[in-house]
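Here it is, the structure in full.
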2 protein chains.
Amino acid sequence: MKGANVIKVLIAEDQSLILGALAALLDMEDDIEVVARAVNGKDALKLAADTSPDVVVTDIEMPGMTGLEFAQALKEKQHPAKVIIVTTFARPGYLRRALSAGVKGYLLKDAPANQLAEAIRKVKDGGKAIAPELATEAWDADDPLNDRERQVLRLAGEGLTSGDIAKQLFLSEGTVRNYLSEAIGKLGASNRIEAARIARQKGWL
Amino acid sequence: MKGANVIKVLIAEDQSLILGALAALLDMEDDIEVVARAVNGKDALKLAADTSPDVVVTDIEMPGMTGLEFAQALKEKQHPAKVIIVTTFARPGYLRRALSAGVKGYLLKDAPANQLAEAIRKVKDGGKAIAPELATEAWDADDPLNDRERQVLRLAGEGLTSGDIAKQLFLSEGTVRNYLSEAIGKLGASNRIEAARIARQKGWL
DNA sequence: CCGGGCATGTGACAAACGTCACAGACCGGG
DNA sequence: CCCGGTCTGTGACGTTTGTCACATGCCCGG
């Protein structure tokens with residue numbers, strides 16, 4: 001549990017207070033050493049190259065580059081570090097995207113505090129650590145929206161009218177209404193507001 | 001910095017991982033001792049009575065009883081503990097409600113990690129600790145909504161139709177439309193969706 | 001008791017929304 | 001080449017939304 005056997009960890013988290021607190025939590029473990037901290041994905045990418053951590057712990061929602069994009073980038077660079085996502089959001093869509101980015105762990109912020117260290121050890125040894133409440137329902141539904149529907153729905157969720165959306169996407173208003181109608185149908189909603197809410201909650205944005 | 005001079009702290013935070021991490025962070029300080037932890041406002045209230053902490057650090061958004069309601073309750077019981085709010089949300093409405101509940105500190109989760117301990121010491125000594133980015137803009141706008149408008153707008157933001165809202169609140173549909181129209185006007189929005197978005201973002205729910 | 005707020009309801013109207021059937025354009029595979 | 005998708009647009013239709021003027025009832029202070 002010492003010397004060369006220490007697990008080197010990089011933490012990425014945009015809320016500094018949480019970042020510091022997580023670091024303090026992990027530093028209490030004998031076999032874990034926090035070798036670097038980053039407040040966004042870009043910094044994390046650079047620091048990962050410099051400090052070659054064994055495991056990266058990252059949030060998802062960060063300004064600039066999200067944790068998911070960061071994991072994707074690490075994978076493309078064939079960096080050997082294992083990635084663990086720690087997030088507030090139990091959204092199946094997030095987990096799916098995370099897994100296809102090669103992420104090895106996905107924990108929720110309301111998991112017990114000791115699970116983080118456990119997950120790090122497990123992942124370091126080649127295992128996986130997925131939050132149990134998500135492991136099962138991850139595959140309950142695929143994102144049924146296509147790109148246009150997603151774009152239109154996102155803008156509708158901001159409060160734009162069909163006409164506004166049409167102008168922004170260079171479509172006719174009728175077409176926008178058609179896409180919205182499609183999306184509402186696919187999501188089982190009864191209007192654009194509910195549809196946007198559902199899509200957001202599932203992580204389909 | 002030891003013995004009777006240690007500051008006794010209670011932490012309330014619904015995300016266990018963050019709760020544990022914050023506790024670890026504070027336990028590193030010689031003059032601070034975490035005497036209790038709670039994952040919601042109700043537990044916090046009971047533990048505050050049992051352990052008589054000097055300072056309570058609490059999140060706002062927790063299931064059941066929010067941090068703001070908790071602060072209010074502590075004040076009504078005339079409990080001597082000072083309250084520090086730690087939250088993600090820089091919403092003027094929240095800060096205002098917090099201050100009128102007698103809260104002594106209001107920090108954002110993206111503040112530097114060492115500020116929490118600093119804030120605790122400051123508040124313990126009778127001072128205040130308000131996140132600087134909020135201190136100024138706290139008074140830029142008052143919540144213009146009345147209770148009915150708030151209720152109606154909240155439901156509208158969920159995607160309910162005017163008719164649904166009317167049934168739920170035992171109002172006529174026309175009245176619901178009137179309240180919505182009022183709210184939309186007051187908030188400078190152009191439809192219910194935008195109005196809900198604005199109100200949510202300002203912390204007026 | 002009166003007057004003025006406030007909460008609630010009504011009716012009417014234009015605008016926006018949601019649905020549907022359908023049509024042209026394009027693109028790829030057989 | 002034609003056939004089948006997918007994307008986009010149109011027109012029509014009934015429904016919901018947003019706005020406004022106005023009515024009713026209720027309570028509180030003078």
Side-chain angles (χ1 to χ4, degrees), chain A residues 93 96-97 100 141-205, chain B residues 69 72 93 96-97 100 141-205:
Chain A
R96 187 154 354 184
R97 270 191 272 166
S100 61
D142 241 324
D143 181 353
L145 303 176
N146 63 36
D147 288 347
R148 280 308 202 189
E149 287 156 7
R150 220 188 321 281
Q151 288 177 55
V152 168
L153 195 52
R154 179 158 36 228
L155 294 176
E158 307 278 333
L160 300 202
T161 67
S162 301
D164 296 336
I165 299 172
K167 270 174 232 142
Q168 231 171 87
L169 300 184
F170 304 103
L171 295 175
S172 89
E173 182 174 336
T175 304
V176 170
R177 286 216 300 276
N178 285 338
Y179 284 133
L180 276 172
S181 189
E182 272 295 301
I184 291 168
K186 285 180 178 176
L187 297 177
S190 59
N191 57 53
R192 56 179 70 192
I193 315 178
E194 201 184 347
R197 203 174 49 74
I198 293 173
R200 230 189 302 273
Q201 183 236 317
K202 297 262 190 183
W204 299 331
L205 251 184
Chain B
E69 291 162 346
Q72 189 69 44
R96 185 154 356 181
R97 271 190 272 167
S100 61
D142 240 325
D143 182 352
L145 303 176
N146 63 35
D147 288 347
R148 279 308 202 190
E149 286 156 6
R150 220 188 322 280
Q151 286 177 56
V152 166
L153 195 52
R154 179 158 40 228
L155 294 176
E158 307 279 332
L160 301 202
T161 66
S162 301
D164 294 337
I165 298 172
K167 270 174 231 142
Q168 232 171 85
L169 300 184
F170 305 103
L171 294 175
S172 90
E173 183 174 335
T175 304
V176 170
R177 288 218 299 278
N178 286 339
Y179 285 134
L180 276 172
S181 189
E182 273 295 303
I184 291 167
K186 285 180 178 177
L187 298 177
S190 59
N191 58 51
R192 55 179 69 193
I193 314 177
E194 201 183 347
R197 204 172 51 71
I198 292 173
R200 230 189 303 274
Q201 182 236 317
K202 296 262 191 184
W204 299 332
L205 251 182

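Note on naming: letters A, B, ... go to the chains in the order of the sequence lines (proteins, then strands), and numbering restarts at 1 for each one.
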Please list, for nucleotides 8-10 of chain C, all pairs of protein and nucleotide N/O atoms separated by less than 3.5 Å.
residue, atom, partner, partner atom, Å
C/dT8, OP1, B/Arg148, NE, 3.2
C/dT8, OP1, B/Arg148, NH2, 2.8
C/dT8, OP2, B/Arg148, NE, 2.9
C/dT8, OP2, B/Tyr179, OH, 2.3
C/dG9, OP2, B/Ser172, N, 2.9
C/dG9, OP2, B/Thr175, OG1, 3.0
C/dT10, O4, B/Asn178, ND2, 3.0

**Prompt:** What pairs with A/Ser181 under side chain to side chain donor-acceptor pair (under 3.5 Å), at least two apart in sequence or on another chain?
**Reply:** none
**Request:** Determine, stepwise, if the pair A/Leu180 / A/Ser162 fulfils side chain to side chain contact (heavy atoms under 4.5 Å, CB included).
**Result:** CA-CA 9 Å; A/Leu180 276 172; A/Ser162 301; 4.3 Å; yes
**Message:** Below the 4.0 Å mark, does C/dC17 have OP1 or OP2 next to a side-chain nitrogen or oxygen of A/Ser162?
**Reply:** yes
**Asked** In whole angstrom, what separates A/Arg177's CZ from D/dG14's P?
**Response** 15 Å
**Request:** Would you kindly give the CG-to-C1' distance between A/Asn191 and C/dA16, to the nearest whole Å?
**Result:** 13 Å
**Message:** Using side chain to side chain donor-acceptor pair (under 3.5 Å), reason through A/Asn191 and A/Glu194 one step at a time and then give a plain yes or no.
**Reply:** CA-CA 6 Å; A/Asn191 57 53; A/Glu194 201 184 347; 4.7 Å; no
**Request:** Can you measure from OH (B/Tyr179) to CD1 (B/Ile165) and round to the nearest 0.5 angstrom?
**Result:** 13.0 Å
**Request:** Quick one: pull up NZ in A/Lys186 and CG in A/Leu145 and give me the separation to the nearest 0.5 Å.
**Result:** 6.0 Å
**Non-neighbouring partners of A/Arg197 that pass salt bridge (Lys or Arg N to Asp or Glu O under 4.0 Å), sequence neighbours left out** = B/Glu158
**Fill in**
dist B/Leu169:CG -> B/Leu155:CG (nearest 0.5 Å) comes out at 5.5 Å
**Item:** Polar contact flag, side-chain donor to acceptor under 3.5 angstrom, B/Thr175-B/Arg148
**Value:** no
**Message:** Between P on D/dT16 and CD1 on B/Ile193, what's the gap in Å once rounded to a whole number?
**Reply:** 16 Å
All N/O pairs under 3.5 Å across the protein-nucleotides 23-26 of chain D interface:
none

**Message:** OP1 or OP2 of D/dT17 versus the side-chain N and O atoms of B/Arg192: is any pair under 4.0 Å?
**Reply:** yes
**Item:** All salt bridge (Lys or Arg N to Asp or Glu O under 4.0 Å) counterparts of B/Arg177, not counting sequence neighbours
**Value:** B/Glu173
**Message:** Please tell me if B/Thr161 has a side-chain N or O lying less than 4.0 Å from either OP1 or OP2 of D/dT16.
**Reply:** no
**Request:** Could you state the atom-to-atom distance from CG of A/Asp147 to P of D/dT8 in whole Å?
**Result:** 10 Å
**Asked** Rounded to the nearest Å, what distance is computed from the CG atom of residue B/Leu180 to the C1' atom of nucleotide D/dC20?
**Response** 15 Å
**Item:** Spacing of B/Ile184 atom CD1 relative to C/dA16 atom P, expressed in whole Å
**Value:** 13 Å
**Under 3.5 Å: donor-acceptor pair, side chain of B/Gln168, backbone of B/Asp164** = no
**Request:** Could you state the atom-to-atom distance from CG of A/Leu187 to P of C/dT19 in whole Å?
**Result:** 12 Å
**Item:** Point-to-point distance, once rounded to the nearest 0.5 Å, from CD1 of B/Ile193 to CD1 of B/Ile184
**Value:** 9.5 Å
**Request:** Note the angle between the end axes of the helix from C/dC1-D/dG30 to C/dC27-D/dG4, five pairs defining each, rounded to 10 degrees.
**Result:** 20°
**Message:** Measure CG/B/Leu145 against P/C/dA7 and give the value in whole Å, please.
**Reply:** 13 Å
